[in-house]
Amino acid sequence: MLTYTLRRLLLAIPTLLLISLVIFLLVDLAPGSPASEIPLTVPPEVRQKILESLGVNQPIFVRYFLWLKQFFYVEPLNGIDALFGSHLAEGMQRIISYQTRSPVFPLIGERLPQTLTVIGTAYVVGVLIALPIGIYSAYRQYSLFDQFGTMFAMIGFSVPTFFTGTVFIIVFGVWLGWFPTKYDTTLSVTDWDSFVKQIRQMAMPVMVLGLANAAAISRYMRSSMLENMKQDYVRTARAKGMSERTVVLKHVLRNSMIPVVTIIALGIPSIFGGAIITENLFGVNGIGAALIGAIRGNDLPMVQTLAFIFAILIVTFNLIADVLYGLLDPRIRYD
Amino acid sequence: MTETTNLDKPESQVAAIWRQFREHKGAVFGLAVLGFLVVFVLIGPLLWQAETLKVSEALKVKNQGPSLRFPLGTDQLGRDMLDRMMSAGQVSLAVGFIAMMIAIFFGTFIGILAGYFKRLDGPLMRLTDMFLALPLIPLLLVMVMLFRDRIAKVVGPEMGAFILIVFAIGLTSWMHAARIVRGEVLALKEREYVLAARSIGAPPRRIILRHILPNVISPVMVAATLGIAEAIITESVLSFLGLGFPPDFPTWGRLLFDGLQYMQLYPERVIWPGLAISLTVLSVNYIGDGLRDALDPKARGR
């Protein structure tokens with residue numbers, strides 16, 4: 001298992017380097033470069049200075065390696081400095097956003113809490129809804145509940161979040177007036193009232209994303225439970241005279257959770273990346289919104305960095321899911 | 001001696017698949033809904049032609065509710081919503097279909113190469129893994145944002161947006177098809193009939209085209225059906241974020257995006273396109289489910 005993990009870790013390095021190159025080249029070679037943004041009336045020597053200050057006058061591979069160095073060396077050092085008050089990264093060039101002229105990483109750090117509270121809660125809510133539905137509809141296969149649950153899953157799976165979101169806004173925000181339609185990022189929870197306010201403004205985005213996540217996960221839970229219900233060990237457990245509760249919730253559930261846990265782990269990167277629509281729709285000022293803002297503003301370093309962070313998350317959680325699968329299921333042996 | 005046993009004429013394969021497909025209620029429902037939507041966007045414009053209004057006339061009839069003259073009302077520029085829904089549907093369905101074809105073509109091609117030729121397996125699967133690890137929606141957004149104007153200069157804004165989006169979606173969603181096909185090919189390659197073909201000296205090209213490809217058709221068809229749904233959703237996400245089609249060449253996603261500003265006053269302008277997208281995706285997903293059952297000979301026997 002350890003050798004497998006190590007091998008996967010080593011394999012992840014070239015994959016990530018390749019991805020970083022693809023992202024860098026795609027964004028960098030595209031026509032909408034900062035050089036074309038400068039008005040033609042600007043004199044050439046000033047133009048040269050501007051390009052120099054943006055760091056785009058060097059050959060592309062120099063810039064690529066500089067970016068890699070900044071991403072993997074300078075920024076972590078800055079992180080250490082911020083944590084321990086040391087001065088390791090002093091005087092080193094950081095990744096600078098074109099829009100704000102400030103380092104990219106603190107900007108992302110400011111956005112992260114909003115994404116994690118709203119989208120993270122939605123994911124947890126989704127999992128908590130999905131598991132009981134999946135378990136019960138597998139236990140009572142073809143029952144009314146199962147048919148209803150399967151339909152719910154299919155609908156939640158098919159209806160895009162931007163549509164459920166708008167319908168929720170129209171129904172709960174405009175007609176019923178229960179929840180605010182926009183998320184107020186400046187709200188800080190200090191007492192009971194502001195806490196209630198926070199819950200109310202989180203309700204709609206969490207419901208929208210939670211339902212979408214629940215639909216996908218409950219399908220996996222159901223099919224995994226169904227597969228295990230037919231196994232011999234279930235019959236043995238029943239024959240031993242164990243209560244139905246123990247059989248289903250201990251024996252079957254534990255074994256069925258193995259693939260579901262990996263599916264849940266695989267979905268975690270989407271908390272960060274896939275929430276672009278929800279954040280946009282409800283005005284949550286998180287990472288997805290930052291990405292859209294950066295794309296609209298032609299802020300190449302921000303786009304490159306965010307896209308690469310998403311890629312790192314995907315690769316990491318793929319690896320975690322695979323290792324977890326091997327750890328949980330003793331029948332799986334990679335080596 | 002020769003007793004004539006009254007055997008029924010054996011069912012043709014297509015008939016058997018169709019019989020099994022009909023058993024799946026959701027799939028039949030999906031087929032009916034999708035059929036209705038296709039008729040709506042293709043035949044509808046022949047039956048319903050929007051009046052051509054002058055700008056001054058159009059501005060007088062803007063933001064109207066449903067009436068006999070405008071069955072779905074008009075938008076903020078006095079354009080007939082029914083007419084827009086139909087033409088938007090044509091583009092949406094075309095994007096879904098063509099992007100799926102591109103994805104399936106690449107997926108099958110790479111899957112077969114990886115499955116059949118052992119030397120290519122490693123590199124091609126690493127490539128697939130890499131594509132799976134790319135953050136797709138951000139990259140699609142970047143691609144559309146950065147290349148839209150350049151392509152629009154060459155082929156015009158409408159065709160430019162269409163080609164760019166269709167290719168961007170197609171080239172970033174072939175990975176699942178490739179994995180499925182590779183798995184199937186790896187298993188099929190070891191079958192006796194492939195060995196037989198090889199032993200009579202058939203070149204790899206003929207083995208692949210005549211013996212392997214026909215046998216991977218069924219999983220590919222299921223993947224293709226589900227791929228249409230995915231492509232339609234991806235396109236509408238791009239349009240929804242304002243980075244898809246131009247407003248005079250709308251898709252359902254674009255109509256929804258346009259309606260978003262007027263959501264509080266005229267919610268139906270968001271509901272209709274949203275409903276159309278959701279129904280299309282839902283029915284396509286159900287059809288895919290039904291096809292999966294129907295095309296699996298093991299399940300069909302039951």
Side-chain angles (χ1 to χ4, degrees), chain A residues 11-12 14-16 18-19 22-23 26-33 150-151 154-155 157-167 169-171 173-175 181 269-270 272-274 276-277 280-281 288 291-292 294-296 298 300 303-304 306-316 318, chain B residues 25-26 30 126-127 129-151 153 229 232-234 236-237 239-243 252-253 256-257 259-260 263-271 273-286 289:
Chain A
L11 257 176
T15 314
L16 276 176
L18 208 59
I19 290 176
V22 169
I23 291 175
L26 179 69
V27 176
D28 210 273
L29 290 180
S33 72
T150 317
M151 210 172 81
M154 199 61 165
I155 291 175
F157 197 67
S158 304
V159 179
T161 47
F162 57 79
F163 185 51
T164 31
T166 39
V167 170
I169 288 182
I170 290 172
V171 174
V174 180
W175 290 352
T181 54
S270 73
F272 299 91
I276 298 169
I277 301 156
N280 219 38
L281 189 59
L291 181 77
I292 296 292
I295 289 176
R296 294 228 171 99
N298 244 337
L300 302 188
V303 176
Q304 284 164 339
L306 273 176
F308 191 43
I309 289 179
F310 290 148
I312 292 179
L313 285 171
I314 296 174
V315 170
T316 315
N318 270 334
Chain B
K25 266 185 235 135
R126 288 290 84 73
L127 182 77
D129 287 347
M130 195 203 86
F131 263 86
L132 280 171
L134 286 174
L136 288 185
I137 290 286
L139 277 193
L140 282 175
L141 289 172
V142 171
M143 274 158 89
V144 172
M145 184 71 188
L146 296 174
F147 293 99
R148 187 166 51 179
D149 296 338
R150 165 145 320 174
I151 294 187
K153 261 181 218 153
I232 289 178
I233 286 202
T234 313
S236 47
V237 163
S239 288
F240 177 79
L241 294 170
L243 288 166
W252 283 330
L256 202 150
F257 173 71
L260 221 51
M263 183 169 68
Q264 307 212 342
L265 290 171
Y266 313 105
E268 69 273 10
R269 250 182 247 166
V270 182
I271 303 284
L275 210 59
I277 298 172
S278 308
L279 276 179
T280 313
V281 174
L282 189 65
S283 55
V284 167
N285 277 341
Y286 267 124
D289 252 19

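These figures come from a predicted structure and were not determined experimentally. Letters go in sequence order (proteins before strands), and every chain restarts at 1.
Neither the backbone nor the side chain of B/Thr280 has a heavy atom closer than 4.5 Å to any heavy atom of chain A. Interface remark: B/Leu256 contributes side-chain atoms only to the contact with chain A (heavy atom separation under 4.5 Å). Residue B/Ala229: no heavy atom, backbone or side chain, is found under 4.5 Å from chain A. Both the backbone and the side chain of A/Ile295 come within contact range of chain B, judged by heavy atoms closer than 4.5 Å. Both the backbone and the side chain of B/Leu134 come within contact range of chain A, judged by heavy atoms closer than 4.5 Å. The parts of B/Tyr286 that come within reach of chain A are both its backbone and its side chain, each placing non-hydrogen atoms under 4.5 angstrom from that chain. At a 4.5 Å heavy-atom cutoff, B/Leu136 makes no contact with chain A through either its backbone or its side chain. Residue A/Ile309: no heavy atom, backbone or side chain, is found under 4.5 Å from chain B. Heavy-atom distances place the side chain of B/Asp289, and not its backbone, under 4.5 Å from chain A. Contacts of A/Ile155 with chain B are made by both backbone and side-chain atoms, with heavy-atom separations under 4.5 Å.
Side-chain contact between A/Phe162 and B/Leu260: absent, with no pair of heavy atoms (C-beta onward) separated by less than 4.5 Å. Side-chain contact between A/Val167 and B/Ile271: present, with at least one pair of heavy atoms (C-beta onward) separated by less than 4.5 Å. Between B/Phe240 and A/Pro160, every side-chain heavy-atom pair lies at or beyond the 4.5 Å cut-off. Residues A/Phe308 and A/Leu16 form a side-chain contact, since some pair of their non-hydrogen atoms from C-beta on lies under 4.5 Å apart. The side-chain heavy atoms of A/Ile292 and A/Arg296, taken from C-beta on, include a pair separated by under 4.5 Å.
Each of A/Ile276, A/Thr166, A/Leu281, A/Ile277 was evaluated against A/Thr161; a single residue qualifies, A/Ile277, per the side chain to side chain contact (heavy atoms under 4.5 Å, CB included) test.
Of the inter-residue distances, the one linking A/Phe310 atom CZ with B/Ile137 atom CD1 reads 11.0 Å to the nearest 0.5 angstrom.
Taking all atoms of both residues into account, the shortest heavy-atom contact from A/Ile23 to A/Ala311 is CD1-CB, 4.5 Å.
Comparing A/Ile19, A/Val174, A/Thr15 by heavy-atom pairs within less than 4.5 Å of chain B, the highest count is held by A/Ile19.
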